[in-house]
Amino acid sequence: DAGVIQSPRHEVTEMGQEVTLRCKPISGHDYLFWYRQTMMRGLELLIYFNNNVPIDDSGMPEDRFSAKMPNASFSTLKIQPSEPRDSAVYFCASNPSSGRQGEAFFGQGTRLTVV
Amino acid sequence: QQQVKQSPQSLIVQKGGIPIINCAYENTAFDYFPWYQQFPGKGPALLIAIRPDVSEKKEGRFTISFNKSAKQFSLHIMDSQPGDSATYFCAASMNRDDKIIFGKGTRLHILP
(Lines give C-alpha, C1' and ligand atoms only; values in the text may rest on other atoms or scores of the structure.)
Protein backbone atom coordinates (compact mmCIF):
# COMPACT_ATOMS: atom_id res chain seq x y z
CA ASP A 1 0.00 0.00 0.00
CA ALA A 2 1.26 3.50 -0.83
CA GLY A 3 0.22 4.86 2.54
CA VAL A 4 -1.74 8.04 3.12
CA ILE A 5 -1.30 10.36 0.16
CA GLN A 6 -1.59 14.11 0.51
CA SER A 7 -1.48 16.80 -2.14
CA PRO A 8 -0.04 19.24 -2.76
CA ARG A 9 3.18 18.83 -0.72
CA HIS A 10 3.74 22.57 -0.72
CA GLU A 11 1.33 25.42 -1.26
CA VAL A 12 2.08 29.13 -1.31
CA THR A 13 -0.89 31.42 -1.63
CA GLU A 14 -1.84 35.01 -1.09
CA MET A 15 -3.96 36.15 1.81
CA GLY A 16 -7.63 35.99 0.93
CA GLN A 17 -7.33 33.17 -1.57
CA GLU A 18 -9.07 29.82 -1.21
CA VAL A 19 -6.87 26.83 -0.42
CA THR A 20 -7.85 23.18 -0.83
CA LEU A 21 -5.79 20.38 0.66
CA ARG A 22 -6.40 16.82 -0.44
CA CYS A 23 -6.01 13.43 1.19
CA LYS A 24 -6.32 9.81 0.11
CA PRO A 25 -6.40 7.50 3.13
CA ILE A 26 -5.14 3.95 3.21
CA SER A 27 -7.67 1.62 1.63
CA GLY A 28 -9.88 -0.07 4.20
CA HIS A 29 -9.24 2.44 6.97
CA ASP A 30 -12.43 3.63 8.64
CA TYR A 31 -11.09 6.73 10.37
CA LEU A 32 -9.60 9.86 8.85
CA PHE A 33 -8.03 12.69 10.83
CA TRP A 34 -6.87 16.18 9.85
CA TYR A 35 -4.11 17.71 12.02
CA ARG A 36 -2.30 21.02 11.89
CA GLN A 37 1.31 21.32 13.08
CA THR A 38 2.99 24.55 14.17
CA MET A 39 5.99 25.22 16.39
CA MET A 40 3.85 27.09 18.90
CA ARG A 41 0.91 24.70 19.19
CA GLY A 42 2.35 21.35 18.15
CA LEU A 43 -0.04 18.86 16.54
CA GLU A 44 -3.65 20.00 16.80
CA LEU A 45 -6.56 17.79 15.82
CA LEU A 46 -8.87 19.77 13.55
CA ILE A 47 -11.54 17.23 12.61
CA TYR A 48 -12.01 13.50 12.22
CA PHE A 49 -14.33 11.24 10.26
CA ASN A 50 -15.58 7.72 10.81
CA ASN A 51 -16.92 5.93 7.73
CA ASN A 52 -17.03 9.27 5.88
CA VAL A 53 -19.14 10.96 8.59
CA PRO A 54 -17.66 13.89 10.57
CA ILE A 55 -17.53 12.88 14.23
CA ASP A 56 -15.79 15.78 15.94
CA ASP A 57 -14.97 19.14 14.36
CA SER A 58 -14.41 21.01 17.62
CA GLY A 59 -10.79 21.64 16.66
CA MET A 60 -11.62 23.55 13.49
CA PRO A 61 -10.37 27.04 14.29
CA GLU A 62 -13.19 29.02 12.70
CA ASP A 63 -15.77 29.10 9.94
CA ARG A 64 -13.10 29.74 7.33
CA PHE A 65 -12.14 26.08 7.66
CA SER A 66 -14.26 23.28 6.27
CA ALA A 67 -13.65 19.59 5.60
CA LYS A 68 -15.46 16.99 3.55
CA MET A 69 -15.19 13.29 2.92
CA PRO A 70 -17.41 12.47 -0.07
CA ASN A 71 -16.26 8.84 -0.18
CA ALA A 72 -13.99 6.38 1.61
CA SER A 73 -10.97 7.22 -0.52
CA PHE A 74 -10.93 11.00 -0.56
CA SER A 75 -11.11 13.96 1.80
CA THR A 76 -10.53 17.69 1.46
CA LEU A 77 -9.72 20.47 3.88
CA LYS A 78 -10.61 23.91 2.58
CA ILE A 79 -9.62 27.32 3.92
CA GLN A 80 -11.55 30.29 2.55
CA PRO A 81 -10.37 33.00 2.84
CA SER A 82 -6.83 32.12 3.89
CA GLU A 83 -4.85 34.26 6.33
CA PRO A 84 -1.11 34.38 7.17
CA ARG A 85 -1.79 32.78 10.56
CA ASP A 86 -3.01 29.67 8.75
CA SER A 87 0.56 28.98 7.66
CA ALA A 88 1.44 25.53 9.01
CA VAL A 89 1.96 21.92 8.02
CA TYR A 90 -1.34 20.12 7.61
CA PHE A 91 -1.39 16.36 8.07
CA CYS A 92 -3.97 13.81 7.14
CA ALA A 93 -3.94 10.47 8.95
CA SER A 94 -6.03 7.33 8.81
CA ASN A 95 -6.74 4.48 11.20
CA PRO A 96 -8.03 1.01 10.31
CA SER A 97 -10.69 0.65 13.02
CA SER A 98 -11.39 1.12 16.69
CA GLY A 99 -9.50 -2.12 17.23
CA ARG A 100 -6.33 -0.20 16.46
CA GLN A 101 -7.12 2.68 18.79
CA GLY A 102 -4.47 5.37 18.98
CA GLU A 103 -2.64 4.06 15.92
CA ALA A 104 -2.75 6.65 13.16
CA PHE A 105 -0.92 6.42 9.86
CA PHE A 106 0.15 9.86 8.72
CA GLY A 107 0.71 11.27 5.27
CA GLN A 108 3.76 13.39 4.50
CA GLY A 109 1.86 16.60 5.05
CA THR A 110 1.13 19.77 3.10
CA ARG A 111 3.25 22.77 3.99
CA LEU A 112 1.00 25.82 3.57
CA THR A 113 2.41 29.33 3.41
CA VAL A 114 0.00 32.25 3.23
CA VAL A 115 1.68 35.53 2.33
CA GLN B 1 -8.77 18.11 30.58
CA GLN B 2 -8.08 17.04 27.03
CA GLN B 3 -4.47 18.17 27.13
CA VAL B 4 -1.31 16.12 27.23
CA LYS B 5 1.62 18.10 28.63
CA GLN B 6 5.08 17.15 27.35
CA SER B 7 8.56 18.14 28.48
CA PRO B 8 11.23 19.09 27.70
CA GLN B 9 10.68 21.05 24.51
CA SER B 10 14.16 20.13 23.28
CA LEU B 11 16.90 17.79 24.41
CA ILE B 12 20.52 17.23 23.46
CA VAL B 13 22.20 13.98 24.51
CA GLN B 14 25.56 12.43 23.78
CA LYS B 15 25.57 9.19 21.77
CA GLY B 16 25.03 6.24 24.09
CA GLY B 17 23.19 8.35 26.66
CA ILE B 18 19.58 7.78 27.77
CA PRO B 19 17.26 10.63 26.82
CA ILE B 20 14.05 10.77 28.85
CA ILE B 21 10.91 12.55 27.69
CA ASN B 22 8.06 13.09 30.13
CA CYS B 23 4.33 13.51 29.68
CA ALA B 24 1.37 14.14 31.96
CA TYR B 25 -2.37 14.02 31.49
CA GLU B 26 -5.49 14.95 33.46
CA ASN B 27 -8.34 13.01 31.93
CA THR B 28 -8.58 9.57 33.52
CA ALA B 29 -10.77 8.42 30.62
CA PHE B 30 -7.66 8.16 28.46
CA ASP B 31 -6.84 4.48 28.12
CA TYR B 32 -4.16 4.26 25.45
CA PHE B 33 -0.86 6.14 25.35
CA PRO B 34 1.17 5.99 22.13
CA TRP B 35 4.46 7.65 21.28
CA TYR B 36 5.18 8.92 17.80
CA GLN B 37 8.49 9.70 16.10
CA GLN B 38 8.79 12.34 13.38
CA PHE B 39 11.75 12.94 11.09
CA PRO B 40 12.10 16.26 9.20
CA GLY B 41 9.81 16.47 6.20
CA LYS B 42 7.85 13.38 7.23
CA GLY B 43 4.65 12.67 9.06
CA PRO B 44 4.72 11.26 12.59
CA ALA B 45 4.92 7.46 12.84
CA LEU B 46 3.85 5.23 15.70
CA LEU B 47 6.85 4.11 17.75
CA ILE B 48 5.52 2.32 20.83
CA ALA B 49 2.37 2.40 22.95
CA ILE B 50 1.12 1.35 26.38
CA ARG B 51 -2.15 0.81 28.20
CA PRO B 52 -2.57 1.95 31.82
CA ASP B 53 -2.83 -1.57 33.19
CA VAL B 54 0.93 -2.09 32.82
CA SER B 55 3.75 -0.03 34.33
CA GLU B 56 6.38 -0.60 31.67
CA LYS B 57 6.68 -1.65 28.05
CA LYS B 58 9.89 -2.25 26.17
CA GLU B 59 10.46 -2.57 22.43
CA GLY B 60 14.07 -2.76 21.41
CA ARG B 61 15.88 0.30 22.77
CA PHE B 62 12.63 2.15 23.53
CA THR B 63 10.88 1.86 26.90
CA ILE B 64 7.71 3.46 28.19
CA SER B 65 7.31 3.84 31.95
CA PHE B 66 3.77 4.49 33.16
CA ASN B 67 2.63 5.82 36.55
CA LYS B 68 -1.15 5.61 36.67
CA SER B 69 -1.57 7.22 40.10
CA ALA B 70 0.52 10.22 39.09
CA LYS B 71 -1.02 10.33 35.60
CA GLN B 72 2.43 10.50 34.08
CA PHE B 73 4.34 8.49 31.53
CA SER B 74 7.76 8.74 29.98
CA LEU B 75 9.86 7.49 27.08
CA HIS B 76 13.41 6.28 27.58
CA ILE B 77 15.79 5.57 24.71
CA MET B 78 18.60 3.21 25.66
CA ASP B 79 22.01 3.45 23.96
CA SER B 80 20.83 6.44 21.91
CA GLN B 81 22.22 6.87 18.39
CA PRO B 82 22.48 9.89 16.05
CA GLY B 83 19.79 8.22 13.92
CA ASP B 84 17.36 8.65 16.83
CA SER B 85 17.50 12.42 16.34
CA ALA B 86 13.89 13.38 15.63
CA THR B 87 10.84 14.99 17.19
CA TYR B 88 8.98 12.75 19.63
CA PHE B 89 5.33 13.16 20.51
CA CYS B 90 3.48 11.56 23.36
CA ALA B 91 -0.24 11.12 22.86
CA ALA B 92 -3.37 9.82 24.51
CA SER B 93 -6.63 8.42 23.29
CA MET B 94 -9.80 6.90 24.68
CA ASN B 95 -11.64 3.96 23.25
CA ARG B 96 -15.00 5.67 23.23
CA ASP B 97 -14.12 8.25 20.57
CA ASP B 98 -10.83 7.15 18.97
CA LYS B 99 -9.38 10.62 18.58
CA ILE B 100 -5.72 11.04 19.46
CA ILE B 101 -4.53 14.04 21.46
CA PHE B 102 -0.84 14.88 21.08
CA GLY B 103 1.67 16.63 23.31
CA LYS B 104 3.59 19.54 21.81
CA GLY B 105 6.62 17.44 20.99
CA THR B 106 10.26 17.16 22.03
CA ARG B 107 13.05 17.84 19.56
CA LEU B 108 15.79 15.35 20.37
CA HIS B 109 19.32 15.68 19.06
CA ILE B 110 21.85 12.92 19.65
CA LEU B 111 25.44 14.09 19.32
CA PRO B 112 27.82 11.70 17.50
Side-chain angles (χ1 to χ4, degrees), chain A residues 2-10 21 23-26 29-51 53-60 67 88-111, chain B residues 1-10 21 23-25 27 29-54 57 59 64 66 73 75 86-108:
Chain A
V4 175
I5 299 173
Q6 291 186 246
S7 64
R9 289 294 312 276
H10 302 273
L21 312 181
C23 175
K24 182 182 189 309
I26 294 172
H29 282 195
D30 297 334
Y31 287 83
L32 184 138
F33 305 86
W34 281 100
Y35 285 90
R36 177 171 69 177
Q37 184 176 22
T38 60
M39 288 294 292
M40 287 292 292
R41 301 171 74 92
L43 267 170
E44 300 174 274
L45 177 64
L46 301 177
I47 185 172
Y48 78 100
F49 297 81
N50 180 23
N51 292 319
V53 176
I55 303 300
D56 186 345
D57 64 355
S58 60
M60 296 286 260
V89 181
Y90 290 81
F91 286 102
C92 173
S94 67
N95 175 287
S97 73
S98 59
R100 302 278 289 277
Q101 172 203 359
E103 199 175 318
F105 295 79
F106 281 76
Q108 296 213 58
T110 295
R111 181 174 294 278
Chain B
Q1 269 254 323
Q2 288 285 334
Q3 281 186 327
V4 179
K5 295 183 179 179
Q6 182 172 349
S7 64
Q9 205 170 5
S10 62
I21 304 170
C23 287
Y25 64 98
N27 191 342
F30 287 137
D31 57 6
Y32 192 73
F33 300 89
W35 285 86
Y36 283 75
Q37 180 187 54
Q38 183 183 31
F39 293 107
K42 305 291 186 183
L46 180 66
L47 182 65
I48 185 174
I50 196 168
R51 293 197 182 275
D53 51 350
V54 299
K57 183 171 182 181
E59 286 185 5
I64 302 177
F66 193 89
F73 58 111
L75 177 71
T87 299
Y88 292 81
F89 293 93
C90 61
S93 71
M94 58 185 85
N95 194 42
R96 69 179 187 219
D97 66 12
D98 289 293
K99 65 184 180 183
I100 308 170
I101 305 300
F102 285 85
K104 288 194 174 182
T106 297
R107 300 181 82 170
L108 173 65

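Reminder, nothing fancy here: chain letters follow the sequence lines and each chain counts from 1.
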- Query: Between B:Gly105, B:Ala45, B:Gly43, which has the largest tally of heavy atom pairs under 4.5 Å with chain A?
  - Reply: B:Gly43
- Task: Calculate, to the nearest 0.5 Å, the distance between atoms OG and CG belonging to B:Ser93 and A:Leu45 respectively.
- Result: 11.5 Å
- Starting at NZ of B:Lys42, measure out to CD of A:Gln108 and round the result to the nearest 0.5 Å. 4.0 Å
Does any backbone or side-chain atom of [X] lie under 4.5 Å from a heavy atom of chain A? Answer side chain, backbone, both or neither.
{"X": "B:Phe33", "answer": "neither"}
{"X": "B:Pro34", "answer": "side chain"}
{"X": "B:Gln6", "answer": "neither"}

- Message: B:Thr87: which residues meet the side chain to side chain donor-acceptor pair (under 3.5 Å) condition with it, sequence neighbours left out?
- Response: none
- Task: Just jot down the side chain to side chain donor-acceptor pair (under 3.5 Å) partners of B:Lys57, sequence neighbours excluded, or say none.
- Result: none
- Item | B:Tyr36 (side chain) donor-acceptor with A:Ala104 (main chain) under 3.5 angstrom | yes
- Item | Under 4.5 Å from a heavy atom of chain B, the part of A:Arg9 involved | side chain
- Under 4.5 Å to a heavy atom of chain B? For A:Gln37 that would be side chain
- Note on the structure: Note: A:Ser58 and B:Lys99 closest approach over all heavy atoms is OG-NZ, 4.4 Å
- Please name the pair of heavy atoms, one in B:Arg107 and one in A:Met39, separated by the smallest distance, quoted to 0.1 Å. NH1-CE, 3.4 Å
- Got A:Tyr35 and B:Ile100 here, is their nearest side-chain heavy-atom distance under 4.5 Å? yes
